[in-house]
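What follows is a single structure, written as structure tokens, with notes after it.
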Amino acid sequence: MWQGHNNILANIKAELRNIIIGAIDKAKEDGSLKIENLPDFPVQKPDQPEYGDLSTSLALMLAKEAKMAPRKIAGTIIDCIDDNKLIQKIEIAGPGFINFFLTDDWLHDLLKTIHDKKEKYGESDVAKGQKAQVEFVSANPVGPLNVVSARAASVGDSIANLLKAIGYEVERESYINDAGGQVNTFARSLEARYRQIMGDDVEFPEDGYHGAYIKELAQELIDDFDCELHQKSEEERLGFFREEGLQRMIQGQKDDLSNFRVVFDVWASEKSVRDSGKVNHVIQYLKDNGYTYSWEGAVWFKSTLFCDDRDRPAIKSNGDVTYIVPDWAYHLDKSQRGFDKVIDLWGPDHHGYINRMQAGMQALGLSPEWLEILIVQQVNLLSKGQAVRMSKRAGQFVTLKQLVDELTEKVGHEFAVDVARFFFQMRSTSSHLDFDMDLAIQQAEANPVFYIQYAHARICSIFRQAEEQGIDRCNSNDVNLGLMSTLEERELMKKLSEFPDTIQDSALDREPHRIARYLQDLASTFHSFYNKCRVLDADNMDMTKARMFLVSCVQITLKNGLSLLGISAPTSM
RNA sequence: GUGCCUGUAGCUCAGAUGGAUAGAGCGUUAGACUCCGGAUCUAAAGGCCGUCGGUUCGAAUCCGACCAGGCAUACCA
């Protein structure tokens, strides 16, 4: 089974399921229930505490086959359940739900487990021994990273964290599109700005990159390489701008990302893929296997043989390969590096390329499941309520750096990154996102991340107070957890128990926003508890110790969850 | 035209495998602790879950057809 031994909730569900199956068998034997086979039935947390700790709709599912009323089936099942230490009380409710009220032992086991596991609480070994790679923020290096990349960076980094938490060995990689026509356009744009700064009356190329950053970069290069630039021919200079300019843009992207707490293990380069001969190898392989044909001066790949709705050009009529070919070569290289699973995060504008990518992978002999391509949905740029078409060419965009800088002015650098990352990770990756810089800054202080962080800081504060009063933290042997029986205390413990499942679901579905959601829930449950139950009470040291134990488990879980999202857990705010 | 994403409270969004009275934040209204941090808590108001069919004991969830918004759409990357 995939439940780790530290997933108490999963264990308790499995145990309850076995008890129910045992009861069904017994009912079948004595003839009180007539069914052939047992369907896969849910054992889940009901949405109201008064419906118990766990619940099943099994009786409803069996009604048809057993030809009995669901409530009657429920009664039959309950009659066949032997006394056991797990269950305190069972009720039949509504149309035939069986609601289980459990004794609190499992909640106490849970707290001890959290306390033991500390920063490992929530992790599992579902994917133990497997290697995964996450490729994200694969942007053109001809401009600074924008807010679209900021979203991708947040999401990709967290997906990598989540995969690691379920046992994968994970590598983060970014692919630089430092080859192809755009790179020449970039160089020509720099050259034009260079000459303009030098006083030449040259026109800026219409298809060039109009953003102000090109002008700044040209000036920077003039400052650093003035004399050398003069001596070069125009052709030499273009080559220089291409090399040096790209290097600086790429370095800028790396700096922006590391400021955003996103660090890649590998930066792969399209140019080196092209230079390596792997591209020719791929073309040759496709030709040799009869996957290509010539038509109208171009070489076409028969992607319709696989999963595409039309064939795709692989070599243009001018002799250059289309951009997909180095991408195939690049992914073939990934497979040779021994990854069991490769996940690519793409923007929605590349959606149409998924099929031809996968078709190529299949032609190259890779299984369709090996490469998983996720679309991180679009970010619509808004300015003063009006949609702005983002365009690198036109210089119309908001950069990652701008976002972090402006948030830093408002809330400081540490919180700026927290606010931005949470902002992007609150929503599912499939939802379209309207981004308004002014609004984002204005609402920075209202960001829900502070609600979560406040819960953590509050707990830290309790422990500071305790220390001042000379109350020690204690281990599980000296504490009577059974003292905690109020609704708020039990709800808080139950919420803590959901963390491992949340990580697993979130990781397997590649949806980090569920962690964000969970943390808001947990913080909310904690704040309610805090307002109802006083932790430090000099007149009741046993209760104080029990609640301190609980609260430290909340602290651990909050911190682990925030860390998955790349967000800090401040001890004070 | 075709493919994909989206449509849930005034706004921004959650609702895995179908389950009980569809949730949260913001906003609105009314309240709370002379005591652990008020960046908190409690409560109220607010809904044809885009529309119409289908499957099911049961549908926001699955299927089909529509409607609306967005993105992509054969040799840019």
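All figures in this text were calculated on a predicted structure; none of them were measured in a lab. Hydrogens, waters and symmetry mates are skipped; everything else that's a heavy atom, side chains included, is used. A note on names: the letters A, B, ... follow the listed sequences, proteins ahead of strands, and every chain is numbered from 1.
Atom pair A:K316:NZ and B:rA74:P shows a separation of 14 Å (rounding to whole Å applied). A:R71 has its CZ atom 18 Å from the P atom of B:rG58, to the nearest Å. The nearest whole Å value for the distance from the CZ atom in A:R151 to the C1' atom in B:rC5 is 11 Å. One interatomic measurement links the two molecules: CG of A:D509 to P of B:rA16, which rounds to 10 Å at whole-angstrom precision. In this structure, the CG atom of A:L487 is 16 Å from the P atom of B:rC41, given to the nearest Å. The nearest whole Å value for the distance from the CG atom in A:N531 to the P atom in B:rA32 is 14 Å. Per the geometry, CZ belonging to A:F526 stands 9 Å off C1' belonging to B:rC36, to the nearest Å. One can place OH of A:Y530 at 19 Å from P of B:rA32, the figure rounded to the nearest angstrom.
Contact annotation: A:S431 side-chain N/O to B:rA14 OP1/OP2 distance is under 4.0 Å. An OP1 or OP2 oxygen of B:rG15 is reached within less than 4.0 angstrom by a side-chain nitrogen or oxygen of A:H513. In terms of phosphate contacts, A:S524 brings no side-chain nitrogen or oxygen within less than 4.0 Å of OP1 or OP2 of B:rA24. A:Y454 has no side-chain polar atom (N or O) that falls below the 4.0 Å cut-off from OP1 or OP2 of B:rC41. Considering only side-chain N and O atoms, A:Q465 lies under 4.0 angstrom from the phosphate OP1 or OP2 of B:rG37. Residue A:S461 places at least one side-chain N or O closer than 4.0 Å to OP1 or OP2 of B:rG37.
Within 4.0 Å of A:C533, counting heavy atoms only, lies at least one base atom of the nucleic acid. Backbone-only engagement by A:K64 is indicated by non-hydrogen atom pairs under 4.0 Å involving sugar-phosphate atoms exclusively. Backbone-only engagement by A:S528 is indicated by non-hydrogen atom pairs under 4.0 Å involving sugar-phosphate atoms exclusively. As judged by a 4.0 angstrom heavy-atom cut-off over every strand, A:A446 is placed among residues making no nucleic acid contact. Residue A:F450 is classed as a base contact, given a heavy-atom separation below 4.0 Å to a base. A:P46 comes within 4.0 angstrom of a base, heavy atoms only. In this structure, A:Q44 reaches the bases: a heavy-atom distance under 4.0 Å links it to at least one base atom across the strands shown. Nucleic acid contact for A:T322: sugar-phosphate only, since backbone atoms but no base atoms lie under 4.0 Å from a heavy atom of the residue. The residue A:R427 sits close only to the backbone: its heavy atoms come under 4.0 Å of sugar-phosphate atoms, none of a base. As judged by a 4.0 angstrom heavy-atom cut-off over every strand, A:S428 is placed among residues touching the sugar-phosphate backbone only.
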- Task: Could you walk me through whether A:Y175 and A:D344 pass side-chain hydrogen bond (donor to acceptor under 3.5 Å, both in side chains), step by step?
- Result: CA-CA 10 Å; A:Y175 180 60; A:D344 283 9; over 6 Å; no

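Summarising the geometry, atom CZ belonging to A:R534 is positioned 9.0 Å from atom CD1 belonging to A:I462; distances are rounded to the nearest 0.5 Å.
Side-chain to base pairing of A:N99 with B:rA20: one donor and one acceptor N or O lie within less than 3.5 Å of each other. For A:Q443 against B:rU12, no side-chain N or O and base N or O form a donor-acceptor pair under 3.5 Å. Between the side chain of A:R312 and the base of B:rA74, no donor-acceptor pair of N or O atoms lies under 3.5 Å. Remark: the A:H527 side chain and the B:rC41 base include no donor-acceptor N/O pair separated by less than 3.5 Å.
The residue among A:D40 and A:N355 whose nearest nucleotide of RNA chain B is located toward the 5' end is A:N355. Position along RNA chain B of the nearest nucleotide to A:F529 versus A:Y323 favours A:F529 as the more 5'-ward residue.
Surrounding CD of A:E467 are at most 12 heavy atoms belonging to other residues, nucleotides or ligands under 6.0 Å away. Around atom NZ of A:K532, no more than 12 heavy atoms belonging to other residues, nucleotides or ligands sit under 6.0 Å away.
Annotation for A:V126 and A:S124: closest pair CG2-OG, 3.3 Å, computed over non-hydrogen atoms. Contact record, A:S294 with A:V299: OG-CG2, 4.2 Å, taken as the closest heavy-atom pair. Closest non-hydrogen pair, A:R312 versus A:S303, comes out as CG-OG, 3.4 Å.
For A:R514, counting side-chain heavy atoms from C-beta on, the closest listed nucleotide (B:rU6, B:rA74, B:rG15) is B:rG15. Checking B:rC4, B:rA74, B:rA14 against every side-chain atom of A:H351, the shortest atom distance belongs to B:rC4.
Checking side-chain atoms of A:N447 against main-chain N and O of A:V419 turns up a donor-acceptor pair under 3.5 Å. Under the 3.5 Å distance criterion, the side-chain polar atoms of A:N99 are left unmatched by any main-chain donor or acceptor of A:A93.
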- Task: State the dot-bracket string of RNA chain B. Criteria: Watson-Crick or G-U wobble, both atom distances under 3.5 angstrom; notation: ( ) intrastrand, [ ] crossing earlier pairs, | interstrand, . unpaired.
- Result: (((((((..((((.....[...)))).(((((.......))))).....(((((..]....))))))))))))....

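Partner of A:R514 under the side chain to side chain donor-acceptor pair (under 3.5 Å) criterion, out of A:D509, A:D505, A:T502: A:D509 alone.
Nucleotides B:rG15 and B:rA9 place their P atoms 15 Å apart, quoted to the nearest Å. The gap from the C1' atom of B:rC11 to that of B:rU28 amounts to 12 Å, rounded to the nearest Å. Taking atom C1' in both B:rA72 and B:rG54, one finds a spacing of 31 Å when rounded to whole Å.
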